[in-house]
Amino acid sequence: MDDRATEAFLAHRNLLFTVAYEMLGSAADAEDALQETWLRWVGVDLDTVRDHRAYLVRIATRQALTRLRTLGRRKESYVGPWLPEPLLTSPDVAEDVELADSVSTAMLLVLETLTPTERAVFVLRDVFDFGYDEIAEAVDKSAAAVRQIAHRARAHVAARRTRGVASAAETQGAMHAFQRAVETGDLQCLLDVLAPDVVLMSDGGGIKQALLRPIVGAERVARVLAVGLERIHNLLTLEPAQVNGYPALVFRLDGELDSVMTLRIDDGKVTGLYTVRNPEKLSHMDKQTELCR
């Protein structure tokens with residue numbers, strides 16, 4: 001085996017994982033896509049490759065696209081809402097505002113509404129700033145077609161992200177207020193921090209109890225949270241954590257990891273609450289995942 005192949009793959013591994021994860025919303029599937037990327041990469045004649053980074057991203061994108069279509073079929077039979085797999089991330093991810101926004105639960109849910117090719121083009125162009133010619137090779141389209149797809153995907157995403165990115169101070173303030181309200185069970189404090197149109201979603205995957213459909217509206221969400229938490233309050237502990245580049249809450253029941261709740265915060269209010277309880281999606285919460293652009 002050519003040592004250059006190993007060195008190049010390891011040098012860009014975190015980038016390749018980030019690309020695959022943003023396309024798939026699943027760390028397990030992203031890891032599988034990377035394994036397939038490696039198997040194809042070791043068979044490449046490196047003397048014919050001008051740009052190792054671009055070539056590796058091209059392979060990883062194609063593998064992720066294949067898996068994205070399979071994942072779409074799996075989601076059709078998924079029990080209840082499907083949420084992205086949460087990742088415990090390091091502080092440097094949060095410091096890169098654009099990277100954190102691109103891997104946030106809220107953004108990954110928006111990307112779910114794109115077609116596989118639109119998602120690949122949007123991620124490669126708007127998040128990783130690849131050129132249209134490079135993206136064209138990755139998705140087997142002409143550069144002109146990729147420009148059109150990028151424009152369409154960008155408009156689609158913008159229409160579903162009507163609010164701007166919250167500042168770090170806003171996010172931390174709302175997060176602390178929400179955590180205090182949950183810990184004290186104070187319904188009025190919950191209502192004060194929730195936006196009128198807040199959405200609550202939970203993902204149990206048919207394995208753990210969870211909401212089968214989203215709950216919308218501050219009063220309904222506050223009531224559901226208050227009732228649910230009251231039953232297990234004495235057994236529950238909350239830990240703040242950095243998940244997908246943003247502050248989140250890790251819930252432990254009798255000391256065991258039970259669920260991870262990520263928040264979307266706009267204008268100092270909580271506009272989205274996303275709770276993952278499916279244990280198959282919590283395997284990346286035991287150690288930090290390195291993401292990069």
Side-chain angles (χ1 to χ4, degrees), residues 21-22 24-29 71 75 78-89 93-94 100-114 157 160-163 165-166 170-172 174-179 181-182 190 193-218 220-226 228-229 236 238-253 257-267 269-285 289 291:
Y21 175 73
E22 291 203 21
L24 296 163
S26 163
D29 284 287
L71 196 57
K75 288 173 190 170
Y78 197 79
V79 178
W82 183 95
L83 289 174
E85 191 172 341
L87 303 178
L88 189 66
T89 48
V93 174
D101 183 52
S102 71
V103 297
S104 69
T105 302
M107 173 57 94
L108 292 174
L109 286 173
V110 171
L111 295 183
E112 284 290 309
T113 64
L114 298 172
V157 169
R160 285 155 181 78
R161 301 184 70 243
T162 54
R163 299 171 168 111
V165 177
E170 270 186 335
T171 299
Q172 288 289 355
M175 186 67 193
H176 289 151
F178 178 77
Q179 182 176 350
V182 169
L190 266 178
V193 76
L194 298 178
D197 57 350
V198 62
V199 177
L200 169 65
M201 297 176 66
S202 62
D203 176 344
I207 301 171
K208 289 287 190 77
Q209 185 177 359
L211 300 169
L212 291 178
R213 58 187 61 84
I215 304 293
V216 181
R220 292 185 68 203
V221 168
R223 194 161 55 246
V224 168
L225 286 175
L229 293 169
L236 195 69
L238 276 67
E239 301 170 4
Q242 284 280 338
V243 175
N244 288 51
Y246 280 88
L249 291 176
V250 176
F251 291 78
R252 295 187 185 277
L253 200 57
L257 177 60
D258 176 79
S259 54
V260 175
M261 178 182 281
T262 55
L263 284 70
R264 175 174 173 174
I265 295 166
D266 299 284
D267 301 323
K269 297 283 188 180
V270 176
T271 57
L273 291 163
Y274 313 105
T275 303
V276 175
R277 297 199 70 216
N278 183 349
E280 294 177 355
K281 291 187 174 184
L282 298 178
S283 62
H284 280 70
M285 287 301 299
T289 299
L291 302 174

State, to 0.1 Å, how close [X] and [Y] come at their nearest heavy-atom pair, and which atoms those are.
{"X": "Val93", "Y": "Gly245", "answer": "CG1-CA, 3.8 Å"}
{"X": "Glu85", "Y": "Lys281", "answer": "CG-O, 3.2 Å"}
{"X": "Met107", "Y": "Val157", "answer": "CE-CG1, 4.0 Å"}
{"X": "Leu282", "Y": "Asp258", "answer": "CD1-O, 3.9 Å"}
{"X": "Leu108", "Y": "Val103", "answer": "CD1-O, 3.5 Å"}
{"X": "Ala177", "Y": "Val193", "answer": "CB-CG2, 3.9 Å"}

Strictly distance-based, threshold 3.5 Å: is any side-chain N or O of [X] a donor or acceptor partner for the main-chain N or O of [Y]?
{"X": "Lys208", "Y": "Ser259", "answer": "no"}
{"X": "Ser202", "Y": "Leu211", "answer": "yes"}
{"X": "Arg264", "Y": "Thr105", "answer": "no"}

Roughly how far apart are [X] [atom1] and [Y] [atom2], rounded to 0.5 Å?
{"X": "Leu200", "Y": "Met261", "atom1": "CG", "atom2": "CE", "result": "6.0 Å"}
{"X": "Thr171", "Y": "Leu263", "atom1": "OG1", "atom2": "CG", "result": "9.5 Å"}
{"X": "Phe178", "Y": "Leu273", "atom1": "CZ", "atom2": "CG", "result": "4.5 Å"}
{"X": "Asn278", "Y": "Leu83", "atom1": "CG", "atom2": "CG", "result": "10.0 Å"}
{"X": "Leu24", "Y": "Asp29", "atom1": "CG", "atom2": "CG", "result": "5.5 Å"}

Are [X] and [Y] side-chain neighbours, meaning at least one heavy-atom pair lies under 4.5 Å?
{"X": "Pro240", "Y": "Gln179", "answer": "yes"}
{"X": "Val224", "Y": "Arg220", "answer": "no"}
{"X": "Arg277", "Y": "Ile207", "answer": "no"}

From Leu114, Thr113, Leu109, residue fulfilling side chain to side chain contact (heavy atoms under 4.5 Å, CB included) relative to Arg160: Thr113

Steps toward side chain to side chain contact (heavy atoms under 4.5 Å, CB included) verdict (Leu257, Arg252): CA-CA 4 Å; Leu257 177 60; Arg252 295 187 185 277; 3.6 Å; yes

Pair Phe251-Thr275, side chain to side chain contact (heavy atoms under 4.5 Å, CB included): steps then yes or no: CA-CA 10 Å; Phe251 291 78; Thr275 303; 5.7 Å; no

Enclosure of Glu112 CD (heavy-atom neighbours >12, cutoff 6.0 Å): yes

Trace of the side chain to side chain contact (heavy atoms under 4.5 Å, CB included) decision for Met285 with Val243: CA-CA 8 Å; Met285 287 301 299; Val243 175; 3.8 Å; yes

Thr289 vs Tyr21, side chain to side chain contact (heavy atoms under 4.5 Å, CB included): CA-CA, chis, key distance, verdict: CA-CA 11 Å; Thr289 299; Tyr21 175 73; over 6 Å; no

Test side chain to side chain donor-acceptor pair (under 3.5 Å) applied to Asn244 and Tyr274, step by step: CA-CA 12 Å; Asn244 288 51; Tyr274 313 105; over 6 Å; no

